[in-house]
Amino acid sequence: MSIDKPTVSIIIPVYNTEEYLEECLDSVLNQTLKDIEIICIDDKSSDKSLDILLEYAKKDNRLKIIQHKENKGQSIARNTALKQVNGEYISFLDSDDKLDLDACEKLYDFTKDTKQDVILYNIVRFNEKKVQESELHIKSENNIKKTNLLENPDLIYDTGCNKFIKTSFLVENNLEFVDRLYEDIFFSMQVLTKTRSIGVYNDTNYYWRKRKNTNKSVTQKRTDIKNIKDRIFIIKEVISLFENSEYNFIMDNLYKKLLEIDFRLYINQIDRANDEYKKVILDEMLPILKTIPDNVFENLNSLEKIKYDLLLSEKIDELEYLTSKQREHKKLKKQNSKLTKKTKKQKDKNKKLKKEIKVLKSTKGWIKYKLNNIYNRLFK
């Protein structure tokens, strides 16, 4: 099948994902909407990814392959593809993810009704065992024909690849991806701040894979220094984008999202991190946290408030201890939930950890606990 003027161009950057690539390609080539093109950019893969792409392209000429002569990263790969699109609309897909088979058809039908620049659709996390909701997309029980970021600040949470975008809108606004990890976060915020014409469609899914421990994606490696540095860079860019625009009055909404998701992801890894990582936390993350108004922290749960309070007070040792205890408690809870019969020792240990966490959630209890217990454990 040859499509001269496709309705949708699906962009897929590919780098060493042979284990998942066929599932990804099957999900796009078997779309119920047939007049699509799939642009795959092989970013100098060292596994069999390119072989898989070439094999699929032989069977279906809607799949186009662009080969990078050297590895340039996902952002540049996407930008390369953006220059080659022919579709009326653009959608993005990572090569370890997949789509519902009727996604393009449903999204295109929705755009014909609503005439929007951008459609956001549902995103779920999945692995070999289960599918679950993602916190990184707008939660809406109903489809929304037309909205925008000013009317609906919760769109700030929608920072994934689940975007169905009019090609002419991207061209007119000269939008591209920055050459960093988490490029989709800043790209999403640029898209959402450039238009007053957004639709939300929850009747189709983007499946965002959570890779197993032996083959984690780059963004799953939280304690990697480039990972945290790039995330902080993107956060700064997003803050600047909002501060210098008409969206500055919803800064508290943005800060709330950063505390609940972006910063929390890295703070919760501090007990696993090295000294360089902790230095980045203090030198680059802490100054941003100090600019956030006190009232925004009030929306957090008690344990998260304690963590941020410790970090703002630069009590890294205590923060490290607290996150390690929380991790230990979570691990035991998971182990115990799988056991049909718990041993007395496991019960007692779990009960003790639950008590510690409960005490830590109390302001008075926290002070008493810190004075009588933590310092003794850390320095004896």
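The distance from atom NZ of Lys112 to atom CG of Asp109, rounded to the nearest 0.5 Å, is 4.5 Å. In this structure, the separation between CD1 on Ile11 and SG on Cys40 is 10.5 Å, given to the nearest 0.5 Å. Between the CG atom of Leu241 and the CD atom of Glu237 there is a distance of 8.5 Å, given to the nearest 0.5 Å. Rounded to the nearest 0.5 Å, atoms CD1 (Ile185) and OH (Tyr182) are 7.0 Å apart.
No donor-acceptor pair under 3.5 Å is formed between the side chain of Ser313 and the backbone N or O of Lys315.
Only one option out of Lys236, Lys279, Lys229 pairs with Glu284 in a side-chain hydrogen bond (donor to acceptor under 3.5 Å, both in side chains); it is Lys229. Shown are Asn16, Asp43, Thr17; of these, the side-chain hydrogen bond (donor to acceptor under 3.5 Å, both in side chains) with Ser95 is made only by Thr17. Checking Arg211, Arg209, Lys210 one by one against Asp96, the salt bridge (charged side-chain N to carboxylate O under 4.0 Å, His left out) holds for a single residue, Arg211.
Ion pair Lys325/Glu328 flagged as a salt bridge, since at least one NZ, NE, NH1 or NH2 atom sits closer than 4.0 Å to an Asp/Glu carboxylate oxygen. With respect to Glu37 and Lys64, a salt bridge is recorded, a charged nitrogen being found less than 4.0 Å from a carboxylate O.
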Worked verdict on Tyr206 versus Leu93 for side-chain contact (heavy atoms from CB on, under 4.5 Å): CA-CA 8 Å; Tyr206 179 111; Leu93 181 64; 3.4 Å; yes
Steps toward side-chain hydrogen bond (donor to acceptor under 3.5 Å, both in side chains) verdict (Glu260, Tyr157): CA-CA 10 Å; Glu260 289 178 347; Tyr157 287 84; 2.6 Å; yes
Ring pair (Phe, Tyr, Trp, His ring centres under 6.0 Å) between Phe187 and Phe92, worked out: CA-CA 12 Å; Phe187 180 82; Phe92 299 96; 5.7 Å; yes
Test side-chain contact (heavy atoms from CB on, under 4.5 Å) applied to Gln116 and Lys146, step by step: CA-CA 7 Å; Gln116 305 304 334; Lys146 186 175 182 179; 3.4 Å; yes
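Put simply, the side chain of Ile288 reaches to within 4.5 Å of the side chain of Phe263, judged on heavy atoms.
A cation-pi arrangement is absent between Lys305 and Phe297, since the terminal nitrogen or guanidinium carbon is not both under 6.0 Å from the aromatic centre and inside a 45° cone about the axis. Because its NZ or CZ atom is both nearer than 6.0 Å to the ring centre of Tyr56 and within 45° of the ring axis, Lys59 counts as a cation-pi partner of that residue.
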